[in-house]
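Working notes for the structure below.
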Amino acid sequence: MTIDIVEAIPYRIPMRKPLHFASGEVHHIEHVLLRITTADGIVGIADVPPRPYTYGETTASVIEVLTGLFQDALIGTDALDRSLIHARLARTVGNPTAKGAVDIALWDILGKSLGLPVHRLLGGYTQQLPVSHMLGFDSAPALIDEARLFIEQYGIRTFKVKVGRRPLALDIQLTRALREALGPDVELYLDANRGWTASEAIHVLDATSDLGLTYFEEPDDAREVLGRRRLVQLSRIPIVADESAPSLGDAAREIHTGGASALSIKTARTGFTESQKILSFAEAMGIDVIMGNQIDSQLGSIATVTFGAAFEYSSRRAAELSNFLDMADDLMADPIHIENGFVAAPTVPGVGIAIDDHKLASYRIDKE
Ligand code: MUC
Ligand code: MG
């Protein structure tokens, strides 16, 4: 299964509803579709979401590294020799979502060559995952309406609320309003994308301690080490490392040095191979994991459910699988359905990404 062709196709799709959060805002998604083709004609597919405000990657840098250094590491190599390929990719630092996509595309090739779903090759624990929906910045009435709509229309019962604004009262009042409007049975957790200082985050924790929140993700900048450690020690709820733990090594460091007490795993940045290592580490340490969302299209969300549903430890809680609902369209030929709050793991060979060629032709931006 020698790798013959590496393609990186940029495409742009507007957001139905722009997503605003403390570290950035997204008005349209500009992603890169990765296709790796073997000499015997098997095509591995994955989606790359460049997130400059999180990893420094841009559409141009992703295309450059995929069709430059990474293509050199891939062409002529057997797609089964994944560890060899990863060792070669590791010689280039950074570029997490480009590396994550290569891994997912290689698993896709493996699954398609065996005629088996990757979800089952990885572990096949459960057929579906419950969904957590991310609520971006907006007024309290607008977010209450959005949450109610998602409860009614999709059966979603878990919401991640984007916070990290100043004055702090804005987000404290929002969280209180959501809890009062949605009742005690809906799960709520917060993600500040480093918007606050550790002291501000401690204030927010105190001010929301009666609201039954389950997690607090990246409240502040984890590189401000002692402040962060104090916050983790004082918090009754787990402090989740997301952008401070984009790799296995970062995850181990943050947990061991007291910078976090739970981990967000995003297949967009650690593929399936490194995500499995992070999951095993979390299980060994006994810390919670959240299957996170990199503002993924349906292509990325299918990869998340393929992985998350494969293992018991990553299926314990709702996974962030619904950001694509904020997008005006998608490239998937067979759209994802959220029913009764769940997304099903794919049962077709490979990762389960099939591209609608007409949509790709109309959204790609390399042939304008
Ligand atoms: C999240 O969980 O932070 C926003 C920025 C990013 O890198 O991911 C999203 C969601
Ligand atoms: Mg986050």
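Order of appearance sets the numbers: ligands from 1, and atoms from 1 within every ligand. Note that the structure is predicted; figures quoted are calculated from it, not measured.
Looking at ligand 1, you won't find any N or O of E320 less than 3.5 Å from one of its N or O atoms.
Taking every non-hydrogen atom of K160 and a distance limit under 4.0 Å, the qualifying atoms of ligand 1 come out as 1 (C), 2 (O). The atoms of ligand 1 that sit less than 4.0 Å from any heavy atom of Q294 are 6 (C), 7 (O), 8 (O). Close contacts between ligand 1 and F21 involve ligand atoms 4 (C), 5 (C) [criterion: under 4.0 Å to a heavy atom]. Residue K162 has at least one heavy-atom neighbour below 4.0 Å for each of these atoms of ligand 1: 1 (C), 2 (O), 3 (O), 4 (C), 10 (C). Interface of D191 with ligand 1, defined as ligand atoms under 4.0 Å from a residue heavy atom, comprises 1 (C), 2 (O), 3 (O). Residue contact check: E217 has heavy atoms under 4.0 Å from atoms 2 (O) of ligand 1. Interface of T54 with ligand 1, defined as ligand atoms under 4.0 Å from a residue heavy atom, comprises 5 (C), 6 (C), 7 (O). Residue D242 approaches ligand 1 through these ligand atoms, each under 4.0 Å from one of its heavy atoms: 1 (C), 2 (O), 3 (O).
In summary, E320 and K266 do not engage in a salt bridge, as defined by a charged side-chain N under 4.0 Å from a carboxylate O. A salt bridge links K160 and E217; the closest N-O separation between the charged side-chain nitrogens and carboxylate oxygens is under 4.0 Å.
What you find for G136 and L143 is that their closest heavy atoms are O-CD2, 3.4 Å.
A salt bridge (charged side-chain N to carboxylate O under 4.0 Å, His left out) with D242 holds for exactly one of R194, R51, R269; it is R269.
Defined by atom type and a distance below 3.5 Å, a donor-acceptor pair is missing between the side-chain atoms of T158 and Y189. Judged purely by distance below 3.5 Å, without hydrogens or angles, the side chains of D296 and S301 never pair a donor atom with an acceptor atom.
Seen from the ring of F150, R157 does not count as a face-on cation partner, given the 6.0 Å and 45° thresholds. Geometrically, R165 does not engage W196 in a cation-pi contact, judged by NZ or CZ lying under 6.0 Å from the ring centre and within 45° of the ring axis.
At a threshold of 4.5 Å between non-hydrogen side-chain atoms, the residues L188 and L182 count as touching.
The residue E25 has no part lying near ligand 1, judged by heavy-atom distances below 4.0 Å.
Judged by the shortest distance from any of its heavy atoms, M134 lies inside the 4.0 Å radius around the atoms of ligand 1.
At a cut-off of 2.8 Å, E243 is not counted among the residues with an N, O or S atom near the Mg ion (ligand 2). The Mg ion (ligand 2) lies under 2.8 Å from an N, O or S atom belonging to D242.
Seen from the Mg ion (ligand 2), atom OD2 on D191 and atom OE2 on E217 lie at an angle near 90° (rounded to 10 degrees).
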